[in-house]
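First the structure, in the form of structure tokens, and then the observations on it.
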Amino acid sequence: MISLTLPEHELDLEATLFSGQLFRWQRQDDGWLTGYVGTQRLCLRQTESTLELAETDEATVRHFLRLDELALGEQARRWSASDPLFASAWKRQPGLRLLRQDPHECFFSFLCASVAPIARISKMLQAVCEEASGEPLGPFPSLEALLTLRESQLRARGLGFRAERVVAAARKLAEKPDGWLDSLRGKPLAEIESELTPFPGIGRKIADCIALFSLDADAAVPVDTHIWRIAKTHYAPELRDASLTPANYERAASAFQRKFGPYAGWAQQTLFYQQAVK
DNA sequence: CAGGTC
DNA sequence: TCTGG
């Protein structure tokens with residue numbers, strides 16, 4: 001087993017893994033948290049400022065948790081000084097990081113996430129895994145395995161209108177060259193959005209989720225119903241009586257980006273958590 | 001009524 | 001629009 005010591009408030013593992021960024025991590029009875037990044041299984045546990053790793057190499061964990069890329073505690077201090085709303089959200093829940101997910105799993109996860117609460121998204125993804133690979137809690141199924149799924153099968157497992165989108169998006173993804181999704185990592189956000197939104201079921205909000213949670217687009221602000229309400233109340237009061245049109249989506253996201261800068265997506269996650277998860 | 005999309 | 005928590 002490996003132990004890492006982290007600066008205070010740099011990571012709250014439990015909150016991070018269950019903040020609605022990803023949906024398939026499991027709490028074990030002995031306090032360990034387990035999940036997959038691609039085909040690799042991770043086994044993590046945090047006690048105060050110590051992060052323990054089992055069955056897992058340190059480099060993989062640092063990459064997944066993005067530990068060497070942003071000193072979150074310092075950044076949060078600056079955001080707190082300039083914004084009371086962030087300050088109170090961070091005080092209630094410090095250490096909420098963004099993760100670097102596998103883009104493939106992230107793509108299908110958020111395709112299933114439209115107008116569904118987190119608990120239901122988890123159930124739907126477990127059903128997708130079971131149908132595609134026979135393992136509800138195993139590594140996320142490959143594209144080849146997902147291509148065997150039928151809409152009727154997924155509807156029977158409770159995906160509702162998302163069933164058709166999952167099947168169609170998998171077919172479209174199969175037309176792209178190998179590694180295409182991974183190749184979007186690090187590209188400009190606008191380019192990622194224009195590559196992803198042509199897929200059935202992926203509008204700008206879901207494209208921004210995939211970009212932020214798996215493709216290193218740290219400035220992305222997925223404007224869902226919660227973030228929209230926060231934007232109207234705190235950062236873009238001129239939108240108070242407006243509805244969430246594409247133009248207003250842009251205005252809301254821009255308001256966050258003006259306030260929080262190139263890591264606006266990280267700030268967004270702490271504010272989202274307070275509003276939607278806790 | 002829920003982290004939208006077409 | 002689907003549907004379950």
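Only this structure's heavy atoms are used, side chains among them; waters, hydrogens and symmetry mates stay out. In what follows, chains are A, B, ... by sequence order, proteins preceding strands, each numbered from 1. The structure presented is a predicted model; accordingly, all values stated were derived computationally and were not measured.
- When ring centroids are compared, A:W180 and A:F107 stay outside the 6.0 Å threshold.
- Pair check for B:dC6 finds none; no Watson-Crick or G-U wobble contact set falls under 3.5 Å.
- Counted by atom type alone, A:T47 and A:E52 present zero donor-acceptor pairs between their side chains at under 3.5 Å.
- Under 3.5 Å, the side chain of A:Q21 and the base of B:dG3 form no donor-acceptor pair of N or O atoms.
- Residues A:S109 and A:I121 come closest through the heavy atom pair O-CG2, 4.2 Å.
- Among all heavy-atom pairs drawn from A:L99 and A:R66, the shortest one is C-CD, 4.0 Å.
- Note on A:Q269: a base of the nucleic acid sits closer than 4.0 angstrom, heavy atoms only.
- Note: CG (A:D224) to P (B:dT5) measures 10 Å, nearest angstrom.
- Per the geometry, CZ belonging to A:F107 stands 17 Å off C1' belonging to B:dG3, to the nearest Å.
- Counting heavy atoms from C-beta outward, A:L51 and A:L65 have side chains that approach closer than 4.5 Å.
- Note on ring orientation: taking the six-membered ring where Trp is involved, the planes of A:F260 and A:F256 are tilted (angle from 30° to 60°).
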What do the steps show when you test A:K176 against A:L181 for side-chain contact (heavy atoms from CB on, under 4.5 Å), and what is the final call? CA-CA 9 Å; A:K176 301 285 187 183; A:L181 204 46; over 6 Å; no

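- When rounded to the nearest whole Å, the span between CZ of A:F199 and C1' of B:dC6 equals 16 Å.
- Nucleic acid contact class of A:A116 (heavy atoms, under 4.0 Å, all strands): sugar-phosphate only.
- If you check every strand for non-hydrogen atoms under 4.0 Å, A:G20 touches a base.
- Both A:V223 and A:P198 sit near DNA chain B, but only A:V223 has its closest nucleotide nearer the 5' end.
- The residue A:Q268 sits close to a base: some heavy atom pair falls under 4.0 Å.
- Using a 4.0 Å heavy-atom criterion, one finds that A:S109 contacts no nucleic acid atom at all.
- Using a 4.0 Å cutoff on non-hydrogen atoms, the parts of residues 120-131 of chain A near DNA chain C are A:R120, A:K123, ordered by number.
- Note: CZ (A:R157) to P (C:dG4) measures 12 Å, nearest angstrom.
- A:F272 comes within contact range of at least one nucleobase, with a heavy-atom separation under 4.0 Å.
- In this structure, CD1 of A:I227 is placed 16 Å from C1' of B:dA2, rounded to the nearest angstrom.
- Here the closest heavy-atom approach between residue A:V166 and residue A:L111 is recorded as CA-CD2, 3.9 Å.
- We find that CZ of A:R165 is positioned 13 Å from P of C:dT3, with the value rounded to whole Å.
- With hydrogens and angles left out, the side chain of A:R162 and the base of C:dC2 share a donor-acceptor pair within 3.5 Å.
- Whole-Å rounding puts the A:I118 CD1 to B:dG4 P distance at 11 Å.
- Atom CG of A:L212 and atom C1' of B:dG3 are 12 Å apart (whole Å).
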